[in-house]
Amino acid sequence: GGGARTVRLTKVYGDGAMAVRALDEVTVEFPGGRFTAIMGPSGAGKSTLMHCVAGLEDATSGKVYVGGQELGGLTDRRLTRLRRERIGFVFQAFNLLPTLTALDNIVLPMTLAGTRPDREWLDTVVRVLRLGERLGHRPSELSGGQQQRVALARALVTRPRIIFADEPTGNLDSRTGAEVLGLLRDAVDGLGQTVAMVTHDPVAAGHADAVVFLADGRIVDIMDAPTPDRVL
Ligand code: ADP
Ligand code: ADP
């Protein structure tokens with residue numbers, strides 16, 4: 001059970017004539033220990049799906065299970081704890097704390113939880129993301145790409161069972177992007193973590209085990225063992 005799944009998940013924003021059905025009865029699985037990509041046109045509901053499965057937004061109807069636990073049945077307090085202990089996020093808004101250094105931002109989830117990072121894994125993450133020279137810098141002293149890498153390091157360092165990544169390679173040059181995808185792949189293959197990643201990039205999707213295609217709030221296709229040319 002390190003995966004996540006939804007059953008007829010529906011999310012409606014607004015009401016009356018202004019209502020937007022961002023997700024329409026989506027039933028999908030992100031199997032434990034697998035790397036799943038989510039693709040589809042802008043407005044298809046990809047971010048909404050990630051936010052609902054990650055417990056950051058309430059569903060209008062339907063169910064979300066993370067590691068076998070149904071999110072709808074949790075108190076806010078237990079939901080917060082589940083997010084902190086089991087889920088890692090890499091979103092486009094980096095949410096780095098401006099007064100903390102890169103290193104303190106990276107280890108913040110562990111500081112909050114009163115635990116310490118595994119030194120070897122922290123070193124690996126920092127090396128692969130080429131953040132070694134920047135650990136003492138504050139976010140305002142880092143480029144956009146570097147801030148993205150700090151946010152990714154923060155998500156990886158706790159080794160959460162499931163990682164949600166929204167366009168994690170969007171701001172990165174192709175070499176760093178390939179390394180980030182390799183790191184996500186290592187997290188899945190080496191550590192048995194589960195990754196769900198929204199991307200527009202067929203090359204990025206080619207690193208996944210499966211691709212879920214969304215359009216107009218519905219799943220329109222699922223492809224196993226994707227390759228960039230088949231995804232296009
Ligand atoms: P994608 O990530 O595939 O681009 P989104 O999940 O962001 O799609 O959006 C799906 C639909 O829901 C779009 O029509 C979008 O305008 C709408 N939507 C997303 N977030 C909100 C919100 N907070 N309030 C109102 N409508 C929203
Ligand atoms: P990246 O390679 O991370 O995409 P950019 O192309 O945005 O970086 O920036 C190139 C270099 O300029 C980076 O290595 C970074 O050190 C530096 N840089 C960018 N933005 C800032 C900033 N706001 N403050 C200090 N240095 C910056």
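Atoms within each ligand, like the ligands themselves, are counted from 1 in listed order.
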Checklist entry - Less than 4.0 Å between a side-chain N and a carboxylate O, is that true for D24 and R8? => result no
Checklist entry - Hey, are T227 and D229 close enough side-chain-wise for a donor-acceptor pair under 3.5 Å? => result yes
Next on the checklist: Is there a path of hydrophobic side-chain contacts, each under 4.5 Å between heavy atoms of I/L/V/M/F/W/Y residues, joining V128 to V157?
Outcome noted: yes
Next on the checklist: A cation-pi test, strictly: NZ or CZ of K63 under 6.0 Å from the centre of the six-membered ring of Y65 and no more than 45 degrees from its axis. Yes or no?
Outcome noted: no
If you look at each N/O of ligand 1, which protein N/O atoms lie under 3.5 Å away, and at what distance?
residue, atom, partner, partner atom, Å
ligand 1, 2 (O), S47, N, 2.8
ligand 1, 2 (O), S47, OG, 3.0
ligand 1, 3 (O), A44, N, 3.1
ligand 1, 3 (O), G45, N, 3.0
ligand 1, 3 (O), K46, N, 2.9
ligand 1, 3 (O), K46, NZ, 2.8
ligand 1, 4 (O), G43, N, 2.7
ligand 1, 6 (O), T48, N, 3.0
ligand 1, 6 (O), T48, OG1, 2.6
ligand 1, 8 (O), G45, N, 3.1

Item to check | Carboxylate-amine/guanidinium contact D123 R127, below 4.0 Å | outcome: no
Checklist entry - In Å, rounded to the nearest 0.5 Å, how long is the span from CE of M197 to CZ of F30? => result 11.5 Å
